[in-house]
Amino acid sequence: MDKRVTFRHRLLPWLLLAPQLAVTALFFLWPAAEAVWQSAFLPDPWGTKAIFVGFDNFTFLFGDPNYRESFAVTAIFSFSVAALSMGLALALAVGADRVIKGSGLYRNLLVWPYAVAPAIAGVLWLFMFNPSIGLVAYYLKALGYNWNHVLHGGEAMTLVVIAAAWKQISYNFLFFLAGLQAIPRSLIEAAAIDGAGAGRRFWTIIFPLLSPTTFFLLVVNVVYAFFDTFGIIHIVTGGGPQRDTTTLVYKVFSDGYEGQDLGSSAAQSVILLVVVGILTVIQFRWVERRVHY
Amino acid sequence: MAGLANNRALAARTGMVEKRGIGRVFTHLGLILGIAVICFPIWVTLVASTVTQQEITHPPLPLIPGSHAWENYSRALGHGIVTPVWRMLLNSTVMALGITVGKIVISLMSAFAIVYFRFPFRMLCFWLIFITLMLPVEVRILPTYEVVANFGMLNTYAGLILPLIASATATFLFRQFFLTVPDELTEAARMDGAGPMRFFWDILLPLSRTNIAALFVILFIYGWNQYLWPLLITTKPEMNTIVMGIKHMMPTGDDFVEWPVVMATAILAMLPPVLVVVLMQRLFVKGLVETEK
């Protein structure tokens, strides 16, 4: 994976690297080190100075039912988003792969939600489900269901999951479609000749052959649900009601920025750093297996 | 790709696997239904941005656009609620372009240095940069905020842009691409007496055009859609970006919300990234699917 032919120069590579290294050091390494450092301190009761407490912030967090709850909320949220969005995207991709006429048009119509900011997606869905003026809430009421996500945790979770999954459908669709189109036609035709019906062909041939794409998307969707959905949650529910939609990332923000508990927020950042690290390693192993230099 | 298309056209003509008649109609119906559901929130938003406040607060909202579009959009753009929307659009444009161009430039340079030079600590630099792949800004928000505050960069464009170009994704992609550029080109250039920078400008950069364009689309959307970071560091309304500024337009609780203006702002916030994706779709899809695989 290294170049055979290279240039020789003593200063030039460093000049070329300087901007990236500077930005990385200033806005990544320094803050990350600071997070680790701060995670070992607690503000004293008068808020004048910080007291060194070692690993106390971490032990406190793991004993804190609120923190464990936000782990559970994050897990439910991420897997619901991934399942809903990937399921719908796969169904649409299978359809678009099957039709010959118009598949380009369908793709055009499905691509653009990718460009919508998560926060704006939150605004749109919040508007539709607004308990007093929302269109969907209105018709749900007409059907006898009183929708109010401001009061009911389950409904709040449903709403943020829908908004987050909606935005991610295009991305999943594009990858599933590419994956489907890479499956050799001859395999499917051979199965058809052997008398396998459409459903059977899908589950015994297409779906297993898609599994690398599915696995890749699963990791990407979980990472997305972890980190990129802050805007949706902040706009739609503000982490509430109570703490029913407070994910780990949201808690870093609300404890640190709104609650001013820097030590705990920093400790949470460090824990998230480990979580991201694990997810990245998984993703990278996948990339390494797939990419051929 | 073209070969595949031919294959499937052939398969379609021979009618081996493709659904005929009623099955095909159902596939189309399913796709159209799916697209209708996905586009519905946008339609509702579009309608809501063209009616009066009264029409919104007395549900159900009509499903045909009203006649107050001019009024709502001009009020949003010229006056807004907290900040005029033209100002937020300007801020978003500066931030998105700053992040996009900044990332592309520093990544091209550092990828060039890492791939085409041998120098001490090369692998250390490589890992220092790539470790930033791991940590999204959402995780290290508070320490990064402090660093930026220490530099006096709150409420500045530099503060909005610089911390977000500390990411390794683009560098990684350019490195991957440079590794596929044949060594013969480098040898030929060297034999003709071209120095490293000459080779970079005259050979490497033109070869990377497609990758740069694809990355441009992806990074522009990334930059435009930032939410949490601008929310933290722009305390002055005139520095708000549109995606986060919309949050300030919707007070929480039962306060009065000027929905038509908010919805017009939502449409304006979606327009630039959606246009970029739709207009540069071929490049974008290629970039997304091929680079992330």
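Order of the sequence lines fixes the chain letters, A, B, ..., with proteins taken first and strands second; residue numbering starts at 1 for each chain. All values below come from the heavy atoms of this structure, side chains included, with hydrogens, waters and symmetry mates left out.
Contact annotation for B/Val243: both backbone and side-chain heavy atoms come within less than 4.5 Å of a heavy atom of chain A. Contacts of A/Leu88 with chain B are absent, with no heavy-atom separation under 4.5 Å from either backbone or side chain. With a 4.5 Å cut-off on non-hydrogen atoms, B/Met244 does not touch chain A at all. Heavy atoms closer than 4.5 Å to chain A are found in the side chain of B/Thr45, but not in its backbone. There is no contact between B/Met249 and chain A, counting heavy-atom distances below 4.5 Å. With a threshold of 4.5 angstrom between heavy atoms, B/Leu232 approaches chain A through its backbone and through its side chain. Looking at B/Ile221, the atoms closer than 4.5 Å to chain A (heavy atoms on both sides) all sit in the side chain, from C-beta outward. Residue B/Leu271: no heavy atom, backbone or side chain, is found under 4.5 Å from chain A. For chain A, no part of B/Trp224 is nearby; none of its heavy atoms comes within less than 4.5 Å. Residue B/Val274 touches chain A through both its backbone and its side chain, counting heavy-atom pairs closer than 4.5 Å. Residue B/Ile246 touches chain A through its side chain alone, counting heavy-atom pairs closer than 4.5 Å. No part of B/Val217 comes within reach of chain A, as not one of its non-hydrogen atoms sits under 4.5 angstrom from that chain. Only the side chain of B/Phe151 comes within contact range of chain A, with at least one heavy atom under 4.5 Å from a heavy atom of that chain. There is no contact between A/Trp37 and chain B, counting heavy-atom distances below 4.5 Å. Neither the backbone nor the side chain of B/Ala36 comes within contact range of chain A; no heavy atom of the residue lies under 4.5 Å from a heavy atom of that chain. Heavy-atom distances place no part of A/Phe226 under 4.5 Å from chain B, backbone and side chain included. For chain B, the nearby parts of A/Leu92 are the backbone and the side chain; heavy atoms of each come within less than 4.5 Å. Contacts between A/Ser132 and chain B at a heavy-atom distance below 4.5 Å involve the backbone alone (N, CA, C, O). Looking at A/Leu15, only its backbone comes within 4.5 Å of chain B, counting heavy atoms on both sides. With a 4.5 Å cut-off on non-hydrogen atoms, A/Tyr138 touches chain B through its side chain but not through its backbone. Using a 4.5 Å cut-off between heavy atoms, A/Ile235 touches chain B through backbone and side chain atoms alike. With a 4.5 Å cut-off on non-hydrogen atoms, B/Tyr116 touches chain A through its backbone and its side chain both.
B/Asn225 places a side-chain N or O within donor-acceptor distance of the main-chain N or O of A/Ala115, the cut-off being under 3.5 Å. Under a 3.5 Å cut-off, the side chain of A/Trp166 and the backbone N or O of B/Ile38 do form a donor-acceptor pair. Side chain of B/Arg190 to backbone of A/Thr6: a donor-acceptor contact under 3.5 angstrom is found.
To the nearest 0.5 Å, the span separating CE on B/Met270 from CG on A/Leu124 amounts to 4.5 Å. Rounding to the nearest 0.5 Å places CZ of A/Phe230 at 12.0 Å from CD of B/Gln226. We find the CZ-CG distance between B/Phe40 and A/Leu135 to be 5.0 Å, quoted to the nearest 0.5 Å. Note: B/Ile56 CD1 to A/Ile133 CD1 = 6.0 Å, rounded to the nearest 0.5 Å. Between B/Tyr222 atom OH and A/Asp228 atom CG the span is 8.5 Å, to the nearest 0.5 Å.
Your options are A/Leu248, A/Asn108, A/Leu109, and the one with the most heavy-atom pairs under 4.5 Å with chain B is A/Asn108. For the options A/Gly95, A/Pro31, A/Ser186, heavy-atom pairs under 4.5 Å to chain B are most numerous at A/Pro31. Per-residue heavy-atom pair counts under 4.5 Å with chain A were compared for B/Val147, B/Leu63, B/Leu31, and the maximum is reached by B/Leu31. Across B/Thr186, B/Val277, B/Thr144, B/Leu128, the residue that shares the most heavy-atom pairs under 4.5 angstrom with chain A is B/Thr144. The candidate with the highest count of non-hydrogen atom pairs below 4.5 Å against chain B, out of A/Arg8, A/Arg10, A/Glu34, is A/Glu34. Between chain A and the residues B/Pro272, B/Ala113, B/Pro273, B/Pro41, the most heavy-atom pairs under 4.5 angstrom are made by B/Pro41.
B/Phe200 places none of its side-chain heavy atoms less than 4.5 Å from the side chain of A/Leu16. Between B/Cys125 and A/Trp14, some side-chain heavy-atom pair lies under the 4.5 Å cut-off. Taking the side chain as every heavy atom from C-beta outward, B/Met263 and A/Phe127 approach each other to under 4.5 Å.
By the salt bridge (charged side-chain N to carboxylate O under 4.0 Å, His left out) test, B/Glu146 is found to be paired with no residue, residues two or more places apart in sequence or in another chain being considered. Not counting sequence neighbours, B/Phe178 has no partner by the ring-ring contact (aromatic ring centres under 6.0 Å, His included) test.
Using a 30° and 60° split on the angle between ring planes, B/Phe199 and A/Phe7 fall in the tilted class, from 30° to 60°. Ring orientation note: the planes of A/His9 and B/Phe117 are nearly perpendicular, at an angle over 60° on the 30°/60° scale.
Annotation: B/Arg198, atom CZ; neighbour count of heavy atoms from other residues, nucleotides and ligands within 6.0 Å does not exceed 12.
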Decide side chain to side chain contact (heavy atoms under 4.5 Å, CB included) for B/Leu228 and A/His234; before the verdict, give the C-alpha distance in whole Å, the side-chain angles of both, and the deciding distance to 0.1 Å.
CA-CA 9 Å; B/Leu228 178 54; A/His234 193 231; over 6 Å; no
Could you please spell out the steps behind the side chain to side chain contact (heavy atoms under 4.5 Å, CB included) verdict for A/Phe27 and B/Val148?
CA-CA 8 Å; A/Phe27 299 110; B/Val148 169; 3.8 Å; yes
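Taking all atoms of both residues into account, the shortest heavy-atom contact from A/Gln20 to B/Ile106 is OE1-O, 3.6 Å. Counting all heavy atoms, side chain and backbone alike, A/Val252 lies closest to B/Leu142 at O-CD1, 4.2 Å. Considering all non-hydrogen atoms of both residues, B/Pro143 and A/Ala35 come closest at CG-CB, 3.8 Å. A pairwise comparison of heavy atoms in A/Leu17 and B/Ser110 identifies CD2-CB, 3.5 Å as the closest pair. B/Tyr227 and A/Ala119 get closest at one heavy-atom pair: CD1-CB, 3.3 Å.
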